[in-house]
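This report refers to the structure that appears directly beneath it.
Being a predicted model, the structure only gives us computed values, none of them experimental. These numbers come from the heavy atoms of this one structure, side chains and all, not from hydrogens, waters or symmetry mates.
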Amino acid sequence: MNIPSNLKYTKDHEWVSIEGDIATVGITDFAQKELGDIVYVEVETLDQTLDKDEVFGTVEAVKTVSDLFLPLSGEIIEFNDDLERTPEEVNADPYGKGWMIKVKIANTAEIDELLSSDAYKQLIGA
């Protein structure tokens, strides 16, 4: 199970990479394995400002559709357009080419509420 120590995580299995006031968000290796083959990623919240834990999109696998929850309040400033053509990148490279959105963070205090890699490993029993 790949759980990079330089990232933050949520109980909803999103990962977060933070550079200044911009957060890059995707789903974890654990989540993509649980979902199976991902066939579609939908984000209709581009350029919207959402609160932490609001649904920012969905990910569709062969057998299920799951909501994606925003880990930090802010404006969704970018969507990984490559996922429209190659959603399987989420399976192949969840922490790289499979990233989903970039968010301009509205409340940096929320960063402290995210899980460390060790806390996330405990959550999933890894």
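You'll find the side chain of F56 reaches within 4.5 Å of the side chain of I101, heavy atoms only. Counting only heavy atoms from C-beta outward, the side chains of W15 and K8 never approach each other to under 4.5 Å. Residues I22 and V103 have side chains not in contact (no heavy-atom distance under 4.5 Å, counting atoms from C-beta outward). Annotation: side chain of D21 is in contact with side chain of K104 (closest heavy-atom distance under 4.5 Å). Between F30 and K121 the shortest side-chain heavy-atom distance does not fall below 4.5 Å. Side chains of I124 and M1 form a contact here, defined as non-hydrogen atoms less than 4.5 Å apart. When side chains are defined from C-beta on, I76 does not count as touching D47, because their heavy atoms never get closer than 4.5 Å. Here the side chains of I3 and T28 are not in contact, with every heavy-atom distance at 4.5 Å or above.
Residues G57 and V55 come closest through the heavy atom pair O-CG1, 3.4 Å. Taking both residues in full, the closest heavy atoms of P4 and S117 are given as O-CB, 3.7 Å, listed atom of the first, atom of the second, then distance.
In this structure, CG on L68 lies 10.0 Å from CD on E42, to the nearest 0.5 angstrom.
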Note to self: D82 vs E89, test: side chain to side chain contact (heavy atoms under 4.5 Å, CB included). Steps then yes/no.
What the structure shows: CA-CA 9 Å; D82 292 343; E89 290 289 1; 5.9 Å; no
Notebook entry, point to check: Checking side chain to side chain contact (heavy atoms under 4.5 Å, CB included) for the pair V62/V39: CA distance, chi angles, key distance, verdict?
Noted result: CA-CA 7 Å; V62 175; V39 296; 4.1 Å; yes
Check: Going through the distances and angles, do H13 and L123 end up as a side chain to side chain contact (heavy atoms under 4.5 Å, CB included)?
Finding: CA-CA 10 Å; H13 310 291; L123 176 74; 4.3 Å; yes
Note to self: Could you walk me through whether T108 and L72 satisfy the side chain to side chain contact (heavy atoms under 4.5 Å, CB included) test, starting with their C-alpha distance in whole Å, then the side-chain angles of each, then the deciding distance to 0.1 Å, before giving a yes or no?
What the structure shows: CA-CA 8 Å; T108 55; L72 298 164; over 6 Å; no
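Contacts of D29 classified as side chain to side chain donor-acceptor pair (under 3.5 Å), with partners at least two apart in sequence or in another chain: Q32, K33. In terms of the side chain to side chain donor-acceptor pair (under 3.5 Å) criterion, residue partners of T10 (sequence neighbours excluded) are, by chain and number, E14. With sequence neighbours excluded, no residue satisfies side chain to side chain donor-acceptor pair (under 3.5 Å) with N2. With sequence neighbours excluded, the residues that form a ring-ring contact (aromatic ring centres under 6.0 Å, His included) with Y9 are Y120. Taking D118 as the reference, nothing meets the side chain to side chain donor-acceptor pair (under 3.5 Å) condition, with sequence neighbours excluded.
Residues V16 and I111 fall within the same hydrophobic cluster, defined by Ile, Leu, Val, Met, Phe, Trp and Tyr side chains chained together at heavy-atom separations under 4.5 Å. Note on L7 and V25: separate hydrophobic clusters, where clusters join Ile, Leu, Val, Met, Phe, Trp and Tyr whose side-chain heavy atoms are under 4.5 Å apart, directly or indirectly. Criterion: ILVMFWY side-chain heavy atoms under 4.5 Å apart, direct or through other members. Under it, L50 and F79 are part of a common hydrophobic cluster. There is a path of hydrophobic side-chain contacts, each under 4.5 Å, that joins M100 to L46. Under a hydrophobic clustering in which Ile, Leu, Val, Met, Phe, Trp and Tyr are joined whenever their side-chain heavy atoms come within less than 4.5 Å, directly or via other members, L35 and V43 fall into the same cluster.
Here the side chain of N107 pairs no donor or acceptor atom with the backbone of S73 at under 3.5 angstrom.
Applying the side-chain hydrogen bond (donor to acceptor under 3.5 Å, both in side chains) definition to pairs two or more places apart or across chains, those involving residues 51-72 are K52-E113.
Geometrically, K97 does not engage W99 in a cation-pi contact, judged by NZ or CZ lying under 6.0 Å from the ring centre and within 45° of the ring axis.
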